[in-house]
Amino acid sequence: MIQVTKPFLPPRAEFDKYLDGIWERNWLTNNGPLVNELELKLKEYLNVNHLLYMTNGTIAIQIAIKALDLKGEIITTPFSYVATTSSIVWEGCTPVFVDIDPSSLNIDPSKIEAAITPKTSAILATHVYGIPCDIDAIETIAKKHNLKVIYDAAHCFGTKYKGRSVFEYGDVSTTSFHATKLYHTIEGGAVFTTRPELLKKMSYLRNFGHDGPERFADLGINGKNSEFHAAMGLVNLNHIASILESRRTQSLYYDKVLKNLRHERPVVSKHAEFNYAYYPIVLPSEDITLRIVEELNRNWIYPRRYFYPSLDSLPYVKEANLPVTKTVSTRILCLPIYHSLTKEEIDFVARLMLRVQNN
Ligand SMILES: *Cc1c(COP(=O)(O)O)cnc(C)c1O
C-alpha cells in the first residue's frame, strides 16, 4: 500500500536515549528541558530569533488570532486545510474568502482589497504546499489598510523567502509538526514572531495565562507540549537534511516520469527556496482526476485530493463566488511523497496515471 504520505520514524535507539533522560528527571511536561532544547535547536536550524513550541498547529493559529486581538472579519484563502478556516470561526471571527492565484494556488493579492470592509481586522493566508504567498503584495495591502497578517505556514518547514525562513514574515507565522508533515514531533506546532511583546503575550496564552505559580497575566489556554514530543523533534532534527533531500530527488523524478501526462503544476516564486513538501498536480478535468484516483486506489495507492472541497463549502461559513478555487479544487491531486518512497514506486504511479489518460 502506498499512502500520500508516511510519517518518518527515526531509528528506535535514538529515541530511547531521550526516554532514559525523561525517566531519570521524572519531568514530563510544562516547559521541560527537552522542550527548551528543541526550541533552541529549531531557532538555530531555522535561523529565527523567536518561536514557541506548542501542542499542535491548530492551537498555534488560535493563539495567534487571540494574541493579535482580532475581531470581525478575517480575509483568508479557501484553498487550505480545514484548520485555517475553523480556527477563525472558533475564535469568534468571520472568514471572508478571497480567490486564489491560478499559478501559485495561494490567495490572490490583487483580489484582497475588494474584500476589505470596515470590519476587516486581518489577513490569514496559507503558504499552500510550502509555496510562499506573494508576501510583498500582502504586506503592502496590510500596511495601507492597517491590517494584521498571520501566515499559516504549516507546510513550510525548511522553506525560505528572500533568503530568510518564511516563518519570519507576517505579524505571526504558525506551523504544524504533525506526524504527516515533512518535519514532525508526532503532534506539535509553533508560533513565530519578530515582535518580542507579542511573543511574551503568546507565551502567557500558551500556559493558562500563568505569570508565576500564583499570578495570572492574561486569559490563557493549554497550548503546551510534552517532553516526549520534544524528544521526537530533537531526534528528527538530526535527520532533516536527508528528509529534505529525498523529497527533492523524488519531486524531480516525478517531473521526469510525468512529462507526458497532461497536467499543470503550481509555480514557486523566484524569491523562494522550496522544501518540496508535497507533489501537487492539477489535472485537465474532474473526470480524469476521479478516474486516476480510482485506478490508483485499485492498485493500493492512495493519493489525496488536497484540498477538496474548497473551504467556503464548509457547513458553518458563507459560500463565496471563487471561480479559480472551484475549478482547481476539483482537479487537484497530491501524489505520494515521503522519505522511503522508491523510484520503482514512483514509476508505477506514473505508469498507471498515463494509462488512464491514454485510454
Ligand atoms: C496540518 C495543518 C494544520 C493543522 O496542524 P495540526 O498540527 O494538525 O493541528 C493547519 N493548517 C494547515 C495548512 C495544515 O496543513
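Since we're looking at a predicted model, the values are computed, not measured. Only heavy atoms go into these numbers, but all of them, side chains included; no hydrogens, no water, no symmetry mates. For ligands, and for the atoms within them, numbers begin at 1 and follow the listed sequence. Throughout, residue positions are numbered sequentially from 1 according to the sequence presented.
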How far is [atom] from its nearest protein heavy atom, and which residue and atom name does that atom have?
atom	result
atom 9 (O) of ligand 1	T58 OG1, 2.6 Å
atom 2 (C) of ligand 1	K181 NZ, 3.0 Å
atom 3 (C) of ligand 1	Y81 CD2, 3.9 Å

Side chain, backbone, both or neither: N56 near ligand 1, heavy atoms under 4.0 Å: both
Within reach of ligand 1, part of E187 (heavy-atom separation under 4.0 Å): neither
Give yes if a backbone or side-chain nitrogen or oxygen of [X] is under 3.5 Å from a nitrogen or oxygen of ligand 1, and no if not.
X	value
D152	yes
T126	no
H178	no

Per-atom contacts of ligand 1 with A83, taking only distances under 4.0 Å to non-hydrogen atoms: 4 (C), 10 (C)
Atoms of ligand 1 close to H155 [distance to a heavy atom under 4.0 angstrom, numbered from 1]: 13 (C), 14 (C), 15 (O)
Ion pair check, D312 and K318, cut-off under 4.0 Å: no
S176 OG to F157 CZ distance, which is reported to the nearest 0.5 Å: 11.5 Å
Pairwise side-chain contact, L42 with F177, heavy-atom cut-off 4.5 Å (strictly under): yes
Heavy-atom side-chain proximity of I332 to P280 below 4.5 angstrom: yes
Exceeds 12 heavy-atom contacts within 6.0 angstrom, atom NZ of K111: yes
Nearest candidate to atom 12 (C) of ligand 1, where distance is taken over non-hydrogen atoms, out of A277, C156, A153, A154: A154
G188, A179, G57: member with heavy atom nearest to atom 6 (P) of ligand 1: G57
Check: T327/R331 side-chain N/O donor and acceptor closer than 3.5 Å: yes
Between T342 and E345, a side-chain donor and acceptor under 3.5 Å: yes
Heavy-atom gap S80 to ligand 1 smaller than 4.0 Å: yes
Main-chain N/O of T325 paired with D99 side-chain donor or acceptor, under 3.5 Å: yes
N275 (side chain) donor-acceptor with A277 (main chain) under 3.5 angstrom: yes
